[in-house]
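Counting convention: from 1, in listed order, for ligands and their atoms alike. We number each residue from 1, following the sequence as shown.
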Amino acid sequence: MSRKYVIAGNWKMNKTPAEAVELINQLKPLVAGASCDVITAVPFVDIPAVLEAVKGSNIKVGAQNCHWEKSGAFTGEVSAEMLKSLGVEYVIIGHSERRQYFGETDVTVNKRVRAALDAGLTVILCVGEYLEQREQGVTSEICAMQTKIALQGVSAEEMSRIIIAYEPVWAIGTGKTATAQQANEVCALIRSTIASLYNQEIADNTVIQYGGSMNAANAAELLAQSDVDGGLIGGASLKPADFAAIVAAAK
Ligand code: PEP
């Protein structure tokens with residue numbers, strides 16, 4: 001098994017380029033000794049400034065979305081190749097806010113995953129159920145389905161560039177965290193889905209994060225679970241000390 005903890009911050013639609021540089025400069029010394037991978041996924045317009053600011057540090061840079069076409073008449077979109085050409089390494093795809101507010105479907109998530117891999121990016125693929133679905137008892141089905149559709153056409157070799165983030169929608173930005181047991185159960189289910197699609201070795205090597213109101217106080221318990229290999233952090237990633245505390249808990 002070769003998986004390593006990955007802690008990724010999703011800044012969402014926050015921070016101007018100048019504010020982003022300030023945040024990175026505060027974060028750099030706090031996470032310098034991290035034993036996990038540290039990623040910040042920032043707004044498109046912040047990417048050049050943040051890439052410059054992280055130079056010489058252990059912080060890696062991601063985007064929060066990409067389009068599936070290389071170029072063309074897609075006003076307002078950004079291609080995976082454009083991100084790669086800037087020096088971006090990671091891209092979040094299928095975040096529940098994209099699914100909820102911007103019409104993202106499992107099929108478009110799959111197309112974006114394909115494009116990101118083709119461009120040489122590593123994908124942080126988000127899956128997760130709504131509260132209603134959890135109450136209906138279909139969490140496993142929803143998460144397995146989202147995982148299977150998103151990974152269509154992804155080869156076994158390419159799975160080394162896929163990170164999966166289990167993010168129950170009811171826990172995102174709500175302050176309601178899944179219990180460590182709930183998080184672990186679904187992360188394990190996603191891992192067994194990957195084993196059924198590929199093989200056990202690939203499943204064992206895939207990083208599966210939990211996301212949803214993870215913070216400095218609850219990170220250690222969540223990260224101690226056998227199938228939770230890191231976190232995708234929204235709100236707390238905007239607070240350097242809190243994000244650094246989560247990074248420190250990932251060991
Ligand atoms: C997220 O945006 O992916 C997220 C998990 O947000 P929060 O940590 O604020 O719940």
Side-chain angles (χ1 to χ4, degrees), residues 5-15 19-20 23 27 31 36-44 46-47 50 59-66 88 90-102 104 109 112-113 116 122-131 133-134 139 142-143 146-147 150 162-180 182-184 186-187 190 207-223 225 227-250:
Y5 282 114
V6 179
I7 302 295
N10 172 18
W11 288 9
K12 312 194 189 204
M13 195 175 73
N14 291 293
K15 305 292 173 188
E19 290 167 347
L23 179 47
L27 197 57
V31 299
C36 62
D37 286 343
V38 181
I39 303 166
T40 52
V42 305
F44 290 133
D46 293 345
I47 289 172
V50 167
I59 302 174
K60 297 166 188 204
V61 179
Q64 300 170 11
N65 187 29
C66 69
V88 169
Y90 295 85
V91 61
I92 296 173
I93 294 183
H95 191 279
S96 65
E97 287 153 16
R98 301 286 322 163
R99 296 179 191 253
Q100 260 181 295
Y101 308 133
F102 301 101
E104 199 79 74
V109 167
R112 291 180 206 267
V113 167
T122 293
V123 172
I124 300 176
L125 164 67
C126 300
V127 302
E129 81 289 358
Y130 286 100
L131 182 59
Q133 294 168 328
R134 176 163 281 271
T139 298
I142 294 293
C143 294
Q146 290 180 353
T147 303
I162 297 279
I163 293 168
I164 299 186
Y166 165 54
E167 298 210 306
V169 182
W170 48 272
I172 296 178
T174 58
K176 275 187 215 154
T177 317
T179 64
Q182 286 171 327
N184 200 46
V186 184
C187 289
I190 293 167
V207 170
I208 304 180
Q209 301 172 314
Y210 166 77
S213 300
M214 194 189 271
N215 57 41
N218 61 28
E221 192 191 357
L222 288 159
L223 293 169
Q225 303 305 307
D227 283 286
V228 178
D229 308 320
L232 182 56
I233 323 297
S237 71
L238 297 169
K239 299 176 197 149
D242 289 25
F243 189 65
I246 298 170
V247 166

- Task: Would you mind listing which atoms of ligand 1 come within a distance below 4.0 Å of any non-hydrogen atom of Leu232?
- Result: 3 (O), 5 (C)
- Item | Per-atom contacts, ligand 1 versus Gly173 - under 4.0 Å to a heavy atom | 7 (P), 9 (O), 10 (O)
- Item | Numbering as shown, the atoms of ligand 1 that approach Gly211 to under 4.0 Å (heavy-atom distance) | 5 (C)
- With a 4.0 Å heavy-atom cut-off (strictly under), which part of Ala171 contacts ligand 1: side chain, backbone, both or neither? backbone
- Message: Let me confirm one number: the OG-CD1 distance from Ser237 to Ile39, rounded to the nearest 0.5 Å.
- Response: 12.0 Å
- Between the CG atom in Leu131 and the OG1 atom in Thr174, the distance rounded to the nearest 0.5 Å is 9.5 Å
- Query: Which residue and non-hydrogen atom of the protein lie closest to atom 4 (C) of ligand 1, and at what distance in Å?
  - Reply: Gly234 N, 3.5 Å
- Message: Give the atom numbers and elements of ligand 1 that come within less than 4.0 Å of a heavy atom of Asn10.
- Response: 1 (C), 2 (O), 3 (O)
- Item | Any N/O pair Glu97/ligand 1 closer than 3.5 Å | no
- Message: Rounded to the nearest 0.5 Å, what separates atom CD in Glu167 from atom CG in Leu232?
- Response: 4.0 Å
- Query: At under 4.0 Å between heavy atoms, which part of Ile172 makes contact with ligand 1: side chain, backbone, both or neither?
  - Reply: both
- Among all protein non-hydrogen atoms, which one is nearest to atom 9 (O) of ligand 1, and what is the separation to 0.1 Å? Gly235 N, 2.8 Å
- Any side-chain heavy-atom pair of Ile142 and Tyr130 under 4.5 Å: no
- Ser213 heavy atoms within 4.0 Å reach ligand 1 at atoms 7 (P), 8 (O), 10 (O)
- Message: Counting only nitrogen or oxygen atoms and a 3.5 angstrom limit, does Gly212 reach ligand 1?
- Response: no
- Message: Does Glu221, at its CD atom, have more than 12 non-hydrogen atoms belonging to other residues, nucleotides or ligands within less than 6.0 Å?
- Response: no
- Item | Approximate separation, where rounding is to 0.5 Å, of Asn218 CG and Leu223 CG | 9.0 Å
- Task: Please assess Thr139 against Tyr166 for the test side-chain contact (heavy atoms from CB on, under 4.5 Å), listing each intermediate value before the final yes or no.
- Result: CA-CA 11 Å; Thr139 298; Tyr166 165 54; 4.3 Å; yes
- Task: With the side chain counted from C-beta on, respond yes when Cys126 and Ile92 share a heavy-atom pair under 4.5 Å apart, and no when they do not.
- Result: yes
- Taking atom 5 (C) of ligand 1 as the point of reference, which of Glu167, His95, Lys12 owns the nearest heavy atom? Glu167
